[in-house]
Amino acid sequence: MDRVRYKIREVLDKRKIDTFLQQARIGQLGMVDGHLPYVVPLNFVWTNGKLYFHGATGGRRNQVMDANPEVCFTVCEEYGTITDPVPAKTDTAYMSVMIFGKAQPIVDLDEATHMLQEMMHKYVPGYYNRPLPRQHVDKYRSAVFGGPVQVYRIDPYHITAKENAVEEEKMFKPGKTV
């Protein structure tokens, strides 16, 4: 592995990482199910240095996290292809963040309400014109599964980030040739 190249792409700017995680819409939750990997795409919220997601109670994802709460949450955004006259130097513009931590179910109603409010602000900004009531969260049932919804929090103990920035003059545009 070319450590120099990867070191060059390393992102250490916490504000840049926070902004990226606040704007990205989908992440991949990686877990270990016995001896096998198990990865699930999820909507999420990054707030106050913690990552939150929710879903129906029960199910394989929750069973896997109950047995082993160690997770890796990965978020990656691809921005296009960076061209070069040398085909082997063609590359991808992207940013990615990997968050390592433990997934914990949230039992505190205030924290769960805050997270779900943040989720609505992120995914449907301005759609709901009043704050989410605690009672709604307490009684909320999944539209898909009909059961109660469980909120989870990942408290990161390690975060890595990499970026290959967009080089506007080199970005691939259909029909452009060398």
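Heavy-atom basis, side chains included; hydrogens, waters and symmetry copies ignored.
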Answer yes or no: is there a side-chain heavy-atom contact under 4.5 Å between Lys102 and Glu70? yes
Common cluster, Phe20/Leu12, ILVMFWY with side-chain heavy-atom separation under 4.5 Å: no
Taking a hydrophobic cluster as the set of Ile, Leu, Val, Met, Phe, Trp and Tyr residues connected by side-chain heavy atoms closer than 4.5 Å, whether directly or through intermediates, do Phe44 and Tyr157 fall within one such cluster? no
Using the rule given for salt bridge (Lys or Arg N to Asp or Glu O under 4.0 Å), can you reason through Arg61 versus Asp66, listing the C-alpha separation, both sets of side-chain angles and the distance that settles it, and then say yes or no? CA-CA 9 Å; Arg61 181 196 65 199; Asp66 286 346; over 6 Å; no
Is Asp84 reaching over with its side chain to a backbone N or O of Val86, donor-acceptor style, under 3.5 angstrom? yes
Start with the C-alpha distance between Tyr94 and Glu77, add both sets of side-chain angles, then the distance that settles side-chain contact (heavy atoms from CB on, under 4.5 Å), and finish with yes or no. CA-CA 6 Å; Tyr94 70 91; Glu77 295 285 328; over 6 Å; no
Just verifying a value: how many Å separate Gln28 CD and Ser96 OG, rounded to the nearest 0.5 Å? 12.5 Å
More than 12 heavy atoms from other groups under 6.0 Å of NZ on Lys122: yes
When you look at OH of Tyr128, are more than 12 heavy atoms from neighbouring residues, nucleotides or ligands closer to it than 6.0 Å? no
With side chains defined as the heavy atoms from C-beta onward, is the minimum distance between Asp18 and Arg15 less than 4.5 Å? no
Out of curiosity, Ile154 CD1 to Ile99 CD1, how far, rounded to the nearest 0.5 Å? 7.0 Å
So does Arg25 get a backbone contact from the side chain of Tyr123, meaning a donor-acceptor N/O pair under 3.5 Å? yes
For the residue pair Val39 and Gly30, what are the closest heavy atoms and their distance? CG2-CA, 4.1 Å
Spacing of Thr92 atom OG1 and Asn164 atom CG [to the nearest 0.5 Å]: 7.5 Å
Tell me whether Ile8 is reachable from Met98 by hopping between hydrophobic residues (I, L, V, M, F, W, Y) whose side-chain heavy atoms are closer than 4.5 Å. no
Go through the steps to decide whether Asn43 and Phe53 satisfy the test side-chain contact (heavy atoms from CB on, under 4.5 Å), and finish with yes or no. CA-CA 7 Å; Asn43 293 334; Phe53 59 92; over 6 Å; no
Are Pro156 and Trp46 packed together at the side-chain level, in the sense that at least one heavy-atom pair is separated by less than 4.5 angstrom? yes
Given the rule that I, L, V, M, F, W and Y join up when any side-chain heavy atoms are under 4.5 Å apart, are Tyr38 and Val71 in one cluster? yes
Check Ile82 against Ala165 and note the closest heavy-atom contact, atom names and distance. CD1-O, 3.5 Å
Evaluate the side-chain proximity of Val40 to Met31: yes if any heavy-atom separation is below 4.5 Å, no if none is. yes
Around Tyr127, counting heavy atoms of other residues, nucleotides and ligands shown, do more than 12 lie under 6.0 Å from its OH? no
Hey, are the side chains of Thr90 and Thr81 touching, using non-hydrogen atoms and a 4.5 Å cut-off? yes
List, one per line, each side-chain donor-acceptor pair under 3.5 Å for residues 103-117, sequence neighbours excluded.
from   : atom 1 : to     : atom 2 : distance (Å)
Gln104 : OE1    : Arg153 : NH2    : 3.1
Gln104 : NE2    : Asp155 : OD2    : 2.6
Asp108 : OD2    : Asp110 : N      : 3.4
Asp108 : OD2    : Glu111 : N      : 2.7
Asp110 : OD1    : Arg134 : NE     : 2.6
Glu111 : OE1    : Arg153 : NH1    : 3.1
Glu111 : OE2    : Tyr52  : OH     : 2.7
Glu111 : OE2    : Arg153 : NH1    : 2.6
Thr113 : OG1    : Leu109 : O      : 2.7
Gln117 : OE1    : Leu132 : N      : 2.5
Gln117 : NE2    : His121 : NE2    : 3.4

For Phe100, enumerate each residue passing the ring-ring contact (aromatic ring centres under 6.0 Å, His included) test, keeping only those at least two apart in sequence or located in another chain. His158
Find out if a path of hydrophobic residues (ILVMFWY) with successive side-chain heavy-atom gaps under 4.5 Å connects Val166 to Val75. yes
For the atom pair NZ (Lys162) and NZ (Lys7), what is the distance rounded to the nearest 0.5 Å? 10.0 Å
Distance (rounded to the nearest 0.5 Å) between Lys14 NZ and Leu21 CG: 9.0 Å
If only atom types and distance count, is the side chain of Thr83 paired as donor or acceptor with the main-chain N or O of Lys170 below 3.5 Å? yes
Please enumerate all residues that pass salt bridge (Lys or Arg N to Asp or Glu O under 4.0 Å) together with Glu163, with sequence neighbours excluded. Lys16
